[in-house]
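As the structure is a prediction and not an experimental result, all values here were calculated from the model. Just follow the structure's listing: the first ligand is 1, and inside any ligand the first atom is 1. Atom set for the values below is all heavy atoms of this structure, side chains included, hydrogens, waters and symmetry mates excluded.
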Amino acid sequence: MDKLRITGGNPLHGEITVSGAKNAALPILCASLLTAEPVTLHNVPGLRDIDTTLKLLSQMGVRVAREGESVTLQAAELTSLEAPYELVKTMRASILVLGPLLARFGEAKVSLPGGCAIGQRPVDQHIKGLEAMQADIHIEHGFVLANAPRLQGATIRTDMITVTGTENLMMAATLANGETIIENAAREPEIVDLAELLIAMGARITGHGTDRIIIQGVERLHGATHSIMADRIETGTFLCAVAATGGELMLRRTSTDTLGATLDKLREAGLHMEEGPDWIRAHMQGRPKAVGCRTSEYPGFPTDMQAQLMALNAIAEGTAIIVETIFENRFMHVQELNRLGAQIEIDGNTAVVQGVPRLTGARVMATDLRASASLVIAGLCADEETIIERIYHLDRGYDRMESKLQAVGAQIERIKG
Ligand code: EPU
C-alpha cells in the first residue's frame, strides 16, 4: 500500500489547477445509463472512484472511451443490470445506478452498500422514493432487487436531506410517466450540475438548487456534452492548506459561488482572498485564528470540509468548537491528529480543538477520504517528517494531490508499497 512522506514547515507558493468535482462526476457518469446515445463529459477528474464507476458501467455493457479529462459513454445495449458487491463495497456511490437502470430498463439489481468508516449511511430514502414511484423493491441476499414496468410520477418527501438520494430520484423521474416532485431535496451544487446535464439530454426539470425539484417525465432522453463543475471540496482543501502553512496560492479553474460557507470560515481564520469568476488568490501571514463550525447541508458548512478545518484549527490561536451533524462517526482523524501533537477532545458529535503553536511529525493512518486530506494539511505544517499510511483513501477523491502540492513547494512524496 502506498504511503505519503511529508516534511513539514514549507509555506506554499504558486498555482494549482483545480480538477472536476468527484461528487458531480459520479452521478453524471451514471446518468449516461438513461440514454442509448453517446454522452460526452469533459473535466472528469482522475480518481479511483471514477475508475471504479467506469468499471461498473463497462461491466454492464456501457461503451466507455476515456482520453485525458474527457470520457464518452454509450449505453446503447446493456448486457447486465447488476451492480455487484465487489464494486459497491469499495464505493457506495454505486447505488446511483439504481434510479437510471430502473427508469430505462424496468429492472435493477444493486448490492446494498454496508456501513462505512464515517457512519451507517443507509439508502432507505432512495428505496422509499422509488417505491412511491410504483417500483416493486425487495432486499434479498444483500441486494436491492427492483422492478417497475414504468415508473410513475409521484410527490416524494424525503425524511432527511440526502444528496445521492435526491440524485437517484431525480434521474429516475426523468423517464417516469408524469410529474414527480421531490420535496426536502438536497440543494448541493453537484445536484445542479447533474440537472444541467439531464436537461441537456432532454429532461424537463425545474427547481434544482432549491428544496423542491419538479420533473416532468419524458419518453426518452438523448445524448449530450457536458463539462463537470470544479471541485469545491478540493478547492477548500488547498485553501485550508495555505491557511495552515502560510504563503500564497493561486487556484485556477475553480469557482467561488459554491464555496460561501467555507470562504467565510477561512476569512475568519485570517486568510486573505481575492476572487475572480474562475480563480481565487489566497494569501496567509502569521498564525491562523481558531474558527468553529457546525456542519450542515448546503449552503451550510460542508461535512466534507470538517476534517480539513479541524487540521487548521489544530495549529490556530485559540479554541474551536466543531460540531458534526451529518455523519455520526466522522471524527476518525482526531486520534491521528492528536498523534501529531494536536489537542482535540471529542464529546459525542462535538470536538473541542485547543490550538497548539506547532505539530510534530509522526506516523499516522488515513481512515477515510477527507480524514486523509486533514492529515496531509497537518503534515505540511508539522515539524520534521510525517508518514501517512493507507493513502488509497486519498486517491479515491483527490486528483494527483501530491504532485499538485509538490508544484507549489511542499516537500511531499509518494512511497510505493
Ligand atoms: N441517510 C439516510 N438514509 C438515506 C440516505 C441518507 O439515513 O437513504 C442519512 C445518511 O446516513 C447521513 C445523511 O442522511 O447521515 C446525509 O447523507 P447523504 O445521503 O446526503 O450522503 P451521501 O449522498 O451518501 C454525499 C457525498 C458525500 C457527502 C454527503 C453529504 C457523494 C457521492 N457523496 O453522500 O461525500 O459527505 O453527500 O454532503 O456525493 C466525500 O466526498 O468524502 C463524501 C463522503
Residue portion contacting ligand 1 (non-hydrogen atoms closer than 4.0 Å) for D368: neither

Candidate pair T158 and Q125, rule side-chain hydrogen bond (donor to acceptor under 3.5 Å, both in side chains), full reasoning: CA-CA 6 Å; T158 52; Q125 299 303 310; 5.1 Å; no

Element-labelled atoms of ligand 1 that are located less than 4.0 Å from some non-hydrogen atom of H126: 8 (O)

Min heavy-atom dist R330 to ligand 1 below 4.0 Å: yes

Salt bridge (Lys or Arg N to Asp or Glu O under 4.0 Å) assessment of R414 paired with D2: CA-CA 7 Å; R414 181 178 291 253; D2 291 3; 3.0 Å; yes

Carboxylate-amine/guanidinium proximity below 4.0 Å for R187 and E297: no

Heavy-atom nearest neighbour in the protein, as seen from atom 26 (C) of ligand 1, with distance rounded to 0.1 Å: N23 ND2, 3.6 Å

Closest protein heavy atom (residue, atom, distance) for atom 15 (O) of ligand 1: I326 O, 2.6 Å

Nearest heavy atoms of A176 and G153, plus distance in Å: CB-N, 4.1 Å

Pairs satisfying salt bridge (charged side-chain N to carboxylate O under 4.0 Å, His left out), at least one member in residues 124-139, at least two apart: K128-D159

R294 CZ: over 12 foreign heavy atoms closer than 6.0 Å: no

Q152 versus N177, side-chain donor and acceptor atoms under 3.5 Å: yes

Salt-bridge present (E190, K22; N to O < 4.0 Å): no

Protein residue, atom and distance nearest to atom 19 (O) of ligand 1, heavy-atom basis: T162 OG1, 2.7 Å

S70-H42 side chain donor-acceptor pair, cut-off 3.5 Å: yes

Element-labelled atoms of ligand 1 that are located less than 4.0 Å from some non-hydrogen atom of Q125: 3 (N), 4 (C), 8 (O)

Nearest-neighbour protein heavy atom for atom 24 (O) of ligand 1, which is reported as residue plus atom name and distance: R121 NH2, 3.0 Å

R370 and ligand 1 - part of the residue with a heavy-atom distance under 4.0 Å: side chain

For atom 25 (C) of ligand 1, closest protein heavy-atom neighbour: V163 CB, 3.9 Å

Sub-3.5 Å N/O-N/O distance, F327 and ligand 1: no

4.0 Å heavy-atom contact, P122 with ligand 1: yes

Inter- and intrachain pairs under salt bridge (charged side-chain N to carboxylate O under 4.0 Å, His left out), touching residues 323-346, at least two apart: D304-R330

Contact summary for P288 and L312, nearest pair of heavy atoms: CG-CD1, 3.7 Å

Protein heavy-atom partner closest to atom 14 (O) of ligand 1 - residue, atom, separation in Å: M160 CG, 3.5 Å

Ligand 1 atoms in contact with T303 (distance to a heavy atom under 4.0 Å): 30 (C), 36 (O), 38 (O)

Protein residue, atom and distance nearest to atom 23 (O) of ligand 1, heavy-atom basis: T164 OG1, 2.6 Å

Part of L369 with heavy atoms under 4.0 Å of ligand 1, whether side chain, backbone, both or neither: side chain

Sole residue of I387, L375, V376, I415 in side chain to side chain contact (heavy atoms under 4.5 Å, CB included) with L4: V376

Ligand 1 versus D124: contacting region, heavy-atom distance under 4.0 Å: both

Atom indices of ligand 1, in the order listed, that fall short of 4.0 Å to a heavy atom of K22: 40 (C), 41 (O)

Protein heavy-atom partner closest to atom 43 (C) of ligand 1 - residue, atom, separation in Å: D304 OD1, 3.4 Å

